[in-house]
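Below: the structure, in structure tokens.
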Number of protein chains: 2
Amino acid sequence: MSTVGTTELDAQALLTRPKRADARRNYEKVLAAAREAFAEGGEATALEEIARRAGVGIGTLYRHFPNRQALLEAVYMDEVEVVCRSAAELQDGDPWEALSAWFESLIGYLATKRALAAELLDYMDKDASLFQVCRKSLFSAGEPLLERAQAAGVVRGDVTIADVIQMVMGIGKIPATDPAQTGHLLRVALDGLRYTPKS
Amino acid sequence: MSTVGTTELDAQALLTRPKRADARRNYEKVLAAAREAFAEGGEATALEEIARRAGVGIGTLYRHFPNRQALLEAVYMDEVEVVCRSAAELQDGDPWEALSAWFESLIGYLATKRALAAELLDYMDKDASLFQVCRKSLFSAGEPLLERAQAAGVVRGDVTIADVIQMVMGIGKIPATDPAQTGHLLRVALDGLRYTPKS
DNA sequence: TGACAACCGGAGGGTCCCTCCGTATAGTTC
DNA sequence: GAACTATACGGAGGGACCCTCCGGTTGTCA
């Protein structure tokens, strides 16, 4: 192996090499079809069905997304960005209102994408480094909102953004019999946030 | 169809007819194997594997439990009873302590059976009449605890047992990175229960 | 013990996941 | 624009799993 040096360079280049135009196109087509199919048909949609929708062979789907989870994560990445952006837009205004509004939107988002969210929560504890990244960015999007509320003294100091997001997502994940119930639960839980325990 | 009357009777009898001894034995063997397998191998254990563990043919498994969900529900029924009984044992003592102790145990229970609980929550919104029964009994087990706490004025009046259990289960379902986090979240949420909103 | 209803086992059809490889095409060079 | 090659495509097919069906076996009762 006298070419180790060049081999490593090649490997490096491979990671950033621009894809061919048709490959890029198909990647997008599959992603769009997946987003649509998961939203409609739920978590269990067959990947072959998604390939068909995208007008692409199953082999192509698998080249771009080596398995179901990879595809799920890619779809999720997109969606997470939407929620993160909505946090950025709430940076001013009443701190408590901003925080709870963001949670409302998070819940609302989870409600429409329940199937997807469910699938993702199930994958959560498996090794999903990409998913960890999403979670991180969700955290750092929400953190300023929380800290502002804590600085204003309207939220107890002993909770982290990780705590709160997990809690909200847990509530959002609940398949409530009555859809209004979820909102009610969120408000109860948020009241828990306002309460400041005697240190 | 002049025999409609008797046919109905037969159908009725069919539901309660005592099963043959070997059938009863196999039913129990499958149930035990399933309980064990789901706890160990997680939600996705192949039913064929469970049949193998039970020392029974796959056909036999399917005769007793027509599909995966039916088996899941049967296992769950057993487990739910344990939690319900623990509620009954907490009927006296400080109302708030009793209620939160029950939730702690519910959470602890979910933690050890995460895989099972996850699977069940996913099936929750599908048509699962048997599962609805379980939920009902969980509700009626917890209801006295909640009502006592509300009567004592230590829990806000505008929540139902359905609300609270859903909330607790949602939190319990969260795959927390740090196991202590779940306990912390529960306490925050419970603080929300103490808070009484100005009517 | 005989007869039959109840029950058992596992082969097999269908679906889905993912891999592999022969074929097609985008991009590049002259 | 022709020829060449790395890159990408499609779909057949192997393996796993779900569930059904039916010929053979066993418990039960007279």
Side-chain angles (χ1 to χ4, degrees), chain A residues 6-7 9-34 37-38 41-75 115 119 122-123 126, chain B residues 6-7 9-31 33-34 37-38 41-75 115 119 122-123 126 128:
Chain A
T6 31
T7 305
L9 273 178
D10 287 357
Q12 194 66 20
L14 228 83
L15 290 174
T16 53
R17 181 178 5 100
K19 286 198 280 197
R20 237 168 62 175
D22 54 346
R24 224 172 17 248
R25 247 188 337 261
N26 281 333
Y27 178 92
E28 291 301 337
K29 279 199 289 185
V30 170
L31 201 57
F38 284 141
E43 63 253 52
T45 310
L47 296 189
E48 259 131 353
E49 159 72 12
I50 290 173
R52 208 184 48 67
R53 277 188 190 228
V56 141
I58 185 65
T60 297
L61 184 150
Y62 272 97
R63 192 165 330 94
H64 290 299
F65 307 95
N67 53 46
R68 167 172 280 269
Q69 190 183 341
L71 181 55
L72 232 16
E73 284 179 347
V75 171
E119 181 91 330
D122 291 344
Y123 276 119
K126 299 176 188 157
Chain B
T6 30
T7 305
L9 274 177
D10 287 357
Q12 192 67 21
L14 228 81
L15 290 173
T16 53
R17 178 177 9 96
K19 286 198 282 200
R20 240 170 61 175
D22 53 346
R24 219 166 27 241
R25 252 193 326 268
N26 281 334
Y27 178 92
E28 292 301 336
K29 279 199 289 185
V30 170
L31 200 57
F38 283 140
E43 61 253 54
T45 310
L47 297 189
E48 259 131 353
E49 158 72 12
I50 290 173
R52 210 185 47 68
R53 276 190 191 226
V56 142
I58 185 66
T60 298
L61 185 150
Y62 272 96
R63 192 164 330 94
H64 290 300
F65 306 96
N67 53 45
R68 168 172 281 268
Q69 189 182 340
L71 181 54
L72 232 17
E73 284 179 349
V75 170
E119 181 89 331
D122 291 345
Y123 276 118
K126 301 178 185 156

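Each chain gets a letter, A, B and so on, in the order its sequence line appears, and its residues count up from 1. Just so you know, these numbers come straight off a predicted model, no measurement behind them.
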Exercise for review: Determine, for nucleotides 12-25 of chain D in 5'-to-3' order, which nucleotides have protein heavy atoms under 4.0 Å from the base (write B), from only the sugar-phosphate (write S), or from neither (write -).
Suggested key: B----SBBB-----
Exercise for review: Starting from the C-alpha separation in whole Å, work towards a yes-or-no answer on side-chain contact (heavy atoms from CB on, under 4.5 Å) for F65(B) and L72(B).
Suggested key: CA-CA 9 Å; F65(B) 306 96; L72(B) 232 17; over 6 Å; no
Revision key, fill the gap. For L61(B) and L47(B) the tightest heavy-atom approach is CD1-O, 3.5 Å
Nearest 0.5 angstrom please: [X] [atom1] to [Y] [atom2], how far?
X      : Y      : atom1 : atom2 : result
E28(B) : H64(B) : CD    : NE2   : 9.5 Å
N67(A) : E73(A) : CG    : CD    : 8.0 Å
Y62(A) : L71(A) : OH    : CG    : 9.0 Å
R63(B) : I58(B) : CZ    : CD1   : 11.0 Å
R68(B) : T45(B) : CZ    : OG1   : 7.0 Å
N26(B) : R24(B) : CG    : CZ    : 11.5 Å

Practice item. Take D22(A) and D22(B), find for each the nucleotide of DNA chain C with the closest heavy atom, and name the residue whose nucleotide sits nearer the 5' end. Key: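 The residue whose closest nucleotide sits nearer the 5' end is D22(B).
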Interatomic distance where [atom1] belongs to [X] and [atom2] belongs to [N] [whole Å]:
X      : N       : atom1 : atom2 : answer
R24(B) : dT26(D) : CZ    : C1'   : 15 Å
R52(A) : dG10(D) : CZ    : C1'   : 15 Å
I50(A) : dC18(C) : CD1   : P     : 11 Å
R25(A) : dG10(D) : CZ    : P     : 11 Å
Y27(B) : dC8(C)  : OH    : C1'   : 18 Å
L61(A) : dA8(D)  : CG    : C1'   : 14 Å

Quick one: is [N] close enough that its OP1 or OP2 comes under 4.0 Å of any side-chain N or O from [X]?
X      : N      : value
H64(B) : dC8(C) : yes
T60(A) : dA8(D) : no
N26(B) : dC7(C) : no

**Study point:** Pairing of R53(A) and E49(A) as salt bridge, 4.0 angstrom limit
**Key:**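 Between E49(A) and R53(A) there is a salt bridge, with a charged N closer than 4.0 Å to a carboxylate O.
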**Study point:** Involving DNA chain D, stems made of at least three consecutive Watson-Crick or G-U pairs, both distances under 3.5 Å
**Key:** C:1-30 with D:1-30
